[in-house]
Every structure is written in C-alpha cells, then in structure tokens.
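Sequence lines set the chain letters: A, B, ... in the order given, protein chains first and strands last, and positions in each chain run from 1. These numbers come from a predicted model, not from an experiment.
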Protein chains: 2
Amino acid sequence: LTCARELFARNGIHKTSIRAVAAAAGVDPALVHYYFGTKQQLFIAAVQFPLDPMTVISPIRDTPIDELGGRLASVLLPLWACPAGAGFIAILRSLPVDSAFDLLRSFVRELVVAELAARVDDPIGTGILRAEFVASQLVGVAITRSVVGLEPLASLPVETVVATISPNLQHYITGELAPVGE
Amino acid sequence: LTCARELFARNGIHKTSIRAVAAAAGVDPALVHYYFGTKQQLFIAAVQFPLDPMTVISPIRDTPIDELGGRLASVLLPLWACPAGAGFIAILRSLPVDSAFDLLRSFVRELVVAELAARVDDPIGTGILRAEFVASQLVGVAITRSVVGLEPLASLPVETVVATISPNLQHYITGELAPVGE
C-alpha cells in the first residue's frame with residue numbers, strides 16, 4: 001500500500017500499473033491482484049478511502065433515471081465531508097497540481113462516467129456528455145466547498161446543497177442538451 | 001510584475017499586499033498603485049491576463065437578471081480558451097495545490113461573488129449563496145474542461161457548453177433555493 005500510494009501520488013491512477021506497484025514492492029503482480037483486486041480497488045485501499053465502491057454504486061444502480069440527480073448528489077456529496085473524503089482531499093492537496101488533477105480525472109472517469117454514461121444515453125450518443133456535465137457540477141461544488149473553502153457555501157449543510165443542485169444534475173441527465181455545434 | 005507574480009504564486013492574492021510587492025521590487029507602494037491600480041488589477045497584469053476586468057464586468061452589469069445565466073456563461077467560458085485564460089491555467093498548474101486554490105478562491109470572490117451577489121439578493125440574504133452556486137458550476141466546468149481535460153466535454157464547442165449550462169446557472173440566480181437546514 002505504501003508503494004501504491006507513492007506511485008499513485010507521483011504518476012496518477014492512469015499511468016500507474018498493478019505491475020509497477022508490484023515491482024516497487026518486490027512482489028508478484030498476481031499477489032497484488034489477489035489481495036486488492038482491480039487497480040481501482042487498490043487505489044481506494046491506498047488512499048485510505050474505507051469504502052467499497054459498491055456501497056456508492058449500488059444505490060445509484062437501483063435508482064430510476066428520473067431520480068438520479070438527487071440520488072447522485074445525496075450519495076456523493078456527503079463523502080467529501082466524511083473522514084475518507086477528507087483523507088482523499090488531503091492527498092489531493094499534497095500533490096503537484098498536475099498529479100492532483102490526474103487523480104481527479106481518474107476518479108471522475110472510473111466512478112462517475114463509467115457508471116452513469118450507459119444508463120443516461122438517450123438520445124443515443126449523449127450519455128458520456130451527460131455524465132461529464134453531471135461530473136462538472138459535482139466536482140465544482142466539491143472543490144468550492146471542500147478544497148477552496150468558499151464561505152458561506154462551504155459551511156452550508158450538505159442536505160441543503162444536495163437539494164439545491166439536484167434539479168440541475170437532473171437537467172443534465174434527462175433534460176434537453178444543446179445540440180453540438182449549435 | 002516579476003515580483004508580483006512571484007508573491008502571488010507563493011502566497012495567493014489574499015495574502016499578498018501591494019506593499020509587499022513594492023518592497024520586493026524596491027519601490028514605493030504609491031508607485032505600484034499609480035501604474036497598476038488596485039491589487040486585482042496588478043494581479044491581472046502579473047498573470048498576463050490581458051483583459052481589463054471591466055470588459056468582462058460591464059456586459060454583465062448591463063444584463064437583466066433573468067438573462068444573467070446565459071450572459072455569465074457566454075462571457076466567462078470563452079476566457080479559459082483564449083491565450084489569457086490558457087496563461088492563467090498554466091500558472092495554476094505550476095503552483096502547489098494550496099496556492100492554486102488560493103488564487104482560484106480570490107478569483108471567484110473578487111470577480112464573480114463581488115459582482116453578482118448584490119444583484120441577485122432576492123429574497124434578501126440569498127445573494128452570496130446564489131453567486132457561489134453559480135461559481136461552483138463555472139469552476140467545475142472550467143476545471144473538467146481546461147485543467148482535467150475530461151473528453152469529450154473538453155473538446156465540445158464553447159457555445160454548446162454555454163447553451164447547456166446556462167439554464168442551470170439561471171436556476172441558481174433566480175430559481176428557488178433549498179431553505180437552509182431543510
């Protein structure tokens with residue numbers, strides 16, 4: 001886990017392989033797979049995010065599409081305030097900016113876009129963009145609240161933030177998107 | 001300007017004074033005021049943002065409140081793609097994360113919140129939060145597009161992004177906010 005943390009911090013998730021982590025730790029890659037599973041699971045273990053991604057993903061998968069905006073906000077926003085989220089933010093803050101944003105990109109792609117895009121792909125071809133617009137608002141509110149510390153937004157109860165941004169997330173999920181090239 | 005850039009980069013706008021910049025450059029603070037105006041104007045000169053803030057602020061001031069969402073997006077988003085915005089992002093990327101977010105906080109407070117909050121303060125007391133929710137979406141889309149480089153969002157034409165986020169910005173400006181404590 002120490003080797004993984006160092007490599008993830010230096011190179012980001014995308015450029016860090018299980019093989020590289022295993023080599024740094026002097027063990028067989030199969031052993032890393034056996035104990036930690038996928039690279040994403042290893043990352044989550046390494047940054048001390050004491051959450052199985054499925055505890056986040058399952059309630060999202062079980063939510064009807066026309067309620068996803070509210071569900072995403074109410075599942076994801078409290079994470080930043082819990083010890084795990086605070087740890088993740090502390091890691092982001094300790095990195096060079098480029099590495100921090102590489103981590104953030106991996107986090108968004110692998111947890112938000114991968115889960116959401118296929119479900120909200122209506123009309124066909126819009127799913128990834130819908131998911132990325134959702135991510136833009138979630139990232140924006142997480143950064144302005146938890147990293148930048150913009151007051152009074154940063155101290156607003158999370159339920160109030162959830163209630164305020166949910167209709168906007170839902171607009172990206174099921175509302176009309178501007179046609180590309182408009 | 002070199003001294004200003006160094007101090008802004010090291011300490012952020014908030015903790016950098018005209019007096020400190022003048023001391024570092026070995027000149028009288030009055031001279032810095034005379035040539036550069038306010039600290040914000042000095043910052044904009046130092047980061048090579050070749051824009052008078054008024055070229056951004058004037059069209060926003062002249063826009064009716066029920067059209068502000070679209071106007072804010074169409075004025076602010078193209079900035080990140082122009083050479084000045086790219087320069088600003090290059091500076092953000094070159095800083096330690098904490099300094100980068102200090103700059104970002106100053107930028108949001110002094111250019112978005114300061115201009116917007118008083119105009120959108122209806123019901124009374126909601127203006128700053130409305131402005132900060134607007135900022136959360138603008139910052140989120142700027143970061144996911146221009147810093148994180150999340151594709152395909154990053155390559156989407158700016159007009160399409162403007163058209164997609166404008167209704168959401170307008171919701172924060174004139175829509176119903178969740179009551180605090182809900």
Interatomic spacing from [atom1] in [X] to [atom2] in [Y] - rounded to 0.5 Å:
X         : Y         : atom1 : atom2 : value
Glu151(B) : Arg105(A) : CD    : CZ    : 10.0 Å
Ile143(A) : Ile143(B) : CD1   : CD1   : 3.5 Å
Leu153(A) : Phe133(B) : CG    : CZ    : 5.0 Å

For [X], which atoms come within 4.5 Å of any heavy atom of chain B: side chain, backbone, both, or neither?
X         : answer
Ile165(A) : both
Leu150(A) : both
Val161(A) : both
Val108(A) : side chain

Which atoms form the tightest heavy-atom contact between [X] and [Y], and what is the distance?
X         : Y         : value
Thr164(B) : His171(A) : O-NE2, 3.6 Å
Gln137(A) : Gln137(B) : OE1-OE1, 3.2 Å
Leu129(A) : Leu156(B) : CD1-CD1, 3.6 Å

So, Glu132(B) and Thr144(A): side-chain donor and acceptor under 3.5 Å apart, yes or no?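 Their side chains do not contain a donor-acceptor pair, so the 3.5 Å distance test is not met.
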
For Ile128(A), I'd like to know if atom CD1 has over 12 heavy atoms of other residues, nucleotides or ligands within 6.0 Å.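 Open: at most 12 neighbouring heavy atoms sit under 6.0 Å from CD1 of Ile128(A).
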
